[in-house]
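From a predicted model like this one, the values you see are computed outputs, not experimental measurements.
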Amino acid sequence: MTNPGWGGAYGDQPNPPQSVCVRHPDRPTGLACSRCGRPACPQCLQAAAVGQHCVDCVREGNKNVRTAQTVAGAPMARSAKTPLTYALIAVNVIVYAITVAQSGDPMNNTSGSELARGWALNSLLVADGDVFRLIGSGFVHYGPIHLLVNMFALYIIGRDVELVLGRTRYLVVYFLSLLGGSASVMLLENPLTLTVGASGAVFGLLGAQAVILLRLKRSPAPILVIIAVNIFISISIPSISLWGHMGGLVAGAAATAGLVFLSNRTRDTGQQRTRAGLSMAWLSVIAVALVSLGIIAIRVLDLRAQMGL
């Protein structure tokens, strides 16, 4: 057979250079990204809905994908783990164990315990400058039954609230509930009484869950029934701090309402994401804290005037 006049004979043409991976020049490859067309080795390619994309295109595409968020604006949890609830339970149990070791009596652990005496909420001592009692009292419990009831309620309610609010918001609501309960005790209860327990925070989480259900357009009736029953118990038993419960309930519900009903998400403007300072949601949380602190400050000034300080 003769050469027809174009090209050389079969086998004489030089082989075209083989493509190499753009990220690994030492790796020849016949594959390429379906999006940008650049050659890539199998290690640098990921399966896509159509074809396969290189890691650079996948990373660039992920920048435009909004992270799933809860109604509170917190990132959607990938698992049902709630470490903060368990950590709070552990702290309460440890504090109780310390008071038992100091007093030598698990049923009457607050008597003879230096920690219990130093942390229990007393309005007069707070007015004298011992402000840590406002929060520390929420981790001291009187006897194992008191501890068990509060920790069981925290375990049941706290996990759900933590998943919806996210860890930061959950801690804020928890401690604001403690602070709100302490403010209510200082304002409305006998300043000579001693108050301990995490009940104010637990009531705050009950209020938070009721607000979350309203935001999700679900019936809060079961939670409201539980709250009503606990309020009845608080009224019926004189040794229970009704106002500590009510203050925690109001503070927790108010803070959560601000977090879930007011916009607090990042706003996208074209390719850039900007945050216009503090969101209205966090401003409402700050307002709840300022109201609680304001009540405490007014009561402290009143008590100091009465004591002649």
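Separating the CG atom in Asp130 from the OG atom in Ser123 is a distance of 12.0 Å, to the nearest 0.5 Å. In this structure, NE2 on His146 lies 8.5 Å from CE on Met151, to the nearest 0.5 angstrom. Leu206 CG to Ser199 OG: the interatomic distance, rounded to the nearest 0.5 Å, is 10.5 Å. The distance from atom CG of Leu262 to atom CG of Leu283, rounded to the nearest 0.5 Å, is 9.0 Å. Between the CG atom in Leu115 and the OG1 atom in Thr110 there is a gap of 11.5 Å [rounded to 0.5 Å]. Distance check, rounded to the nearest 0.5 Å: CG of Leu148 to CG of Asn92 gives 12.0 Å.
Linking Ile, Leu, Val, Met, Phe, Trp and Tyr residues whenever their side-chain heavy atoms come within less than 4.5 Å places Phe152 and Leu154 in a single cluster. Ile298 and Leu303 are members of different hydrophobic clusters when ILVMFWY side chains are connected at heavy-atom separations under 4.5 Å. In the hydrophobic clustering of ILVMFWY residues, with side-chain heavy atoms under 4.5 Å counting as a link, Phe132 and Ile94 come out together. Using a 4.5 Å cut-off between side-chain heavy atoms of Ile, Leu, Val, Met, Phe, Trp and Tyr, with links allowed through other members, Ile240 and Leu121 fall into different hydrophobic clusters. Val140 is connected to Val131 through a chain of hydrophobic side-chain contacts under 4.5 Å among Ile, Leu, Val, Met, Phe, Trp and Tyr, so both are in one cluster.
Ala251 and Ser177 get closest at one heavy-atom pair: CB-CA, 4.2 Å. Considering every non-hydrogen atom in both His53 and Cys33, the closest pair reads CA-SG, 3.7 Å. Counting all heavy atoms, side chain and backbone alike, Ser292 lies closest to Gly180 at OG-CA, 3.8 Å. Taking each heavy atom of Ser103 and Ser113 in turn, the nearest pair found is CB-N, 4.3 Å. The two residues Pro220 and Ala210 make their nearest non-hydrogen contact at CB-O, 3.9 Å. Considering all non-hydrogen atoms of both residues, Leu259 and Ala281 come closest at CA-CB, 4.1 Å.
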Using the side-chain contact (heavy atoms from CB on, under 4.5 Å) rule, take Tyr174 and Val161 through it: C-alpha gap first, then chi angles, then the decisive distance, then the call.
CA-CA 10 Å; Tyr174 186 90; Val161 176; over 6 Å; no

Start with the C-alpha distance between Val196 and Leu194, add both sets of side-chain angles, then the distance that settles side-chain contact (heavy atoms from CB on, under 4.5 Å), and finish with yes or no.
CA-CA 7 Å; Val196 296; Leu194 292 174; 5.8 Å; no

Where do Arg133 and Leu125 land on the side-chain contact (heavy atoms from CB on, under 4.5 Å) test, with the steps shown first?
CA-CA 8 Å; Arg133 294 173 182 269; Leu125 294 176; 3.4 Å; yes

Evaluate side-chain contact (heavy atoms from CB on, under 4.5 Å) for Arg299 paired with Val126, printing each intermediate quantity in order.
CA-CA 10 Å; Arg299 184 55 172 162; Val126 172; over 6 Å; no

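Side chain of Gln209 to backbone of Asp160: no donor-acceptor contact under 3.5 angstrom is found. Judged by distance alone, the side chain of Glu162 and the main-chain N or O of Tyr170 form no donor-acceptor pair under 3.5 Å. A donor-acceptor pair under 3.5 Å links the side-chain atoms of Ser182 to the main chain of Leu134, judged by distance alone. Side chain of Asp105 to main chain of Val100: no donor-acceptor pair is present (N/O by atom type, distance under 3.5 Å, no hydrogens or angles). Between the Arg215 side chain and the Val211 main chain, no donor and acceptor come within less than 3.5 Å of each other. Looking at Arg304, its side chain does come within 3.5 Å of a backbone N or O of Ala127 through a donor-acceptor pair. One N or O on the side chain of Ser234 and one on the backbone of Asn230 form a donor-acceptor pair closer than 3.5 Å. A donor-acceptor contact shorter than 3.5 Å is absent between the side chain of Thr82 and the backbone of Thr85.
Considering only heavy atoms from C-beta on, Met246 comes within 4.5 Å of Phe203 through its side chain. Residues Trp243 and Leu187 have side chains not in contact (no heavy-atom distance under 4.5 Å, counting atoms from C-beta outward). Counting heavy atoms from C-beta on, the side chains of Leu163 and Arg159 never come closer than 4.5 Å. Counting heavy atoms from C-beta outward, Met186 and Ile295 have side chains that stay 4.5 Å or more apart. Contact of the Ser137 side chain with the Thr195 side chain is not registered, since no non-hydrogen atoms from C-beta on lie closer than 4.5 Å. The shortest distance between side-chain heavy atoms of Phe261 and Met280 does not fall below 4.5 Å. A heavy-atom distance below 4.5 Å is found between the side chains of Leu31 and Pro42. Using a 4.5 Å heavy-atom cutoff, the side chains of Arg38 and Ser19 are not in contact.
At a cut-off of 3.5 Å, with distance as the only test, a side-chain donor of Asn150 or His141 sits close to an acceptor on the other residue.
Between Val164 and the options Leu216, Leu213, Ile212, a side-chain contact (heavy atoms from CB on, under 4.5 Å) holds for only Ile212.
By the neighbour-count criterion of 12 heavy atoms within 6.0 Å, atom CD of Glu114 is sparsely surrounded, having that number or fewer from other residues, nucleotides or ligands. The environment of Met307 atom CE is dense: over 12 non-hydrogen atoms of other residues, nucleotides or ligands sit within 6.0 angstrom.
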